[in-house]
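Quick note on labels: first sequence line is chain A, next is B, and so on, each numbered from 1.
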Amino acid sequence: MTQMQQATGDANFREKVFRQVKKIPKGKVSTYGQVALLLGKPRGAREVGWMLHSNDRVDVPCHRVVDRTGRLAPNFAFDGMAEQRRRLVNEGVKFIDKIHVDLEKHLWKSR
DNA sequence: ATATTGACGGGCA
DNA sequence: GTGCCCGCCAATA
């Protein structure tokens with residue numbers, strides 16, 4: 001690893017985030033904090049959010065990642081939270097209202 | 001180098 | 001359950 005890559009910080013961490021998000025099963029959701037914790041950064045929730053925002057790759061199901069209250073992203077990359085909600089509903093995720101998913105039922109329990 | 005911002009989380013009212 | 005404050009971390013308006 002070059003010195004530049006280290007300076008960039010966690011270029012490696014970014015890959016971990018994508019890999020972890022890809023593991024979220026269809027019909028389940030995870031939280032930024034949960035993902036961060038699994039990657040060994042208990043306080044890296046904001047970091048995860050930044051990564052997903054800056055990288056809206058189609059192969060990363062970022063719509064399955066919500067915040068701790070189950071609230072959807074304030075500004076989803078494509079069509080606002082309407083698009084995010086549509087995708088989740090399409091996968092069978094239940095909502096307690098328009099912007100909050102039912103975490104009790106759909107929060108992914110990683111192992 | 002400092003200040004501000006943001007797709008966050010925990011604790012408390 | 002919701003809202004506010006504060007701490008945390010990286011990017012940058």
Tell me whether A/Arg43 at atom CZ has more than 12 heavy atoms from other residues, nucleotides or ligands lying less than 6.0 Å away.
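Counting other residues, nucleotides and ligands, CZ of A/Arg43 stays at 12 neighbours or fewer.
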
What is the distance from [atom1] of [X] to [atom2] of [N], rounded to the nearest Å?
X	N	atom1	atom2	result
A/Asp97	C/dG1	CG	C1'	10 Å
A/Leu72	B/dG6	CG	P	19 Å
A/Trp50	C/dA11	CH2	C1'	5 Å
A/Arg46	C/dG7	CZ	P	13 Å
A/Asn75	C/dA13	CG	C1'	15 Å
A/Leu52	C/dA10	CG	P	16 Å
A/Met81	B/dA7	CE	P	11 Å
A/Leu38	B/dG9	CG	P	13 Å

Nearest to side-chain heavy atoms of A/Glu47, which nucleotide of C/dT2, C/dC9, B/dG9:
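Ranking C/dT2, C/dC9, B/dG9 by closest atom to the A/Glu47 side chain puts C/dC9 first.
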
When you measure from the side chain of A/Pro74, which nucleotide among B/dG11, C/dT2, B/dA7 comes out closest?
B/dA7

Quick one: is the NZ or CZ of A/Arg46 closer than 6.0 Å to the six-membered ring centre of A/Tyr32, and within 45° of its axis?
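Output no; distance or angle outside limits.
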
Just to be sure I understand the rule, does A/Ala45 reach a base, reach only the sugar-phosphate, or reach nothing, if contact means heavy atoms closer than 4.0 Å?
sugar-phosphate

Tell me, what's DNA chain C's dot-bracket, Watson-Crick or G-U with both distances under 3.5 Å, | for other-strand, [ ] crossing?
.||||||.||||.

Residues A/Glu83, A/Arg87; criterion salt bridge (charged side-chain N to carboxylate O under 4.0 Å, His left out); working and verdict:
CA-CA 6 Å; A/Glu83 176 65 17; A/Arg87 289 189 181 189; 3.4 Å; yes

Find the distance between CZ (A/Arg14) and CZ (A/Arg19) and round it off to the nearest 0.5 Å.
13.5 Å

Here the gap from A/Lys16 atom NZ to A/Leu38 atom CG, rounded to the nearest 0.5 Å, amounts to 11.5 Å

Has the side chain of A/Arg71 got a donor or acceptor that lies under 3.5 Å from a partner of the other kind on the base of B/dG9?
no

For DNA chain B, which residues of residues 17-33 of chain A approach it to below 4.0 angstrom with any heavy atom?
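A/Thr31, A/Tyr32, A/Gly33, in order of number.
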
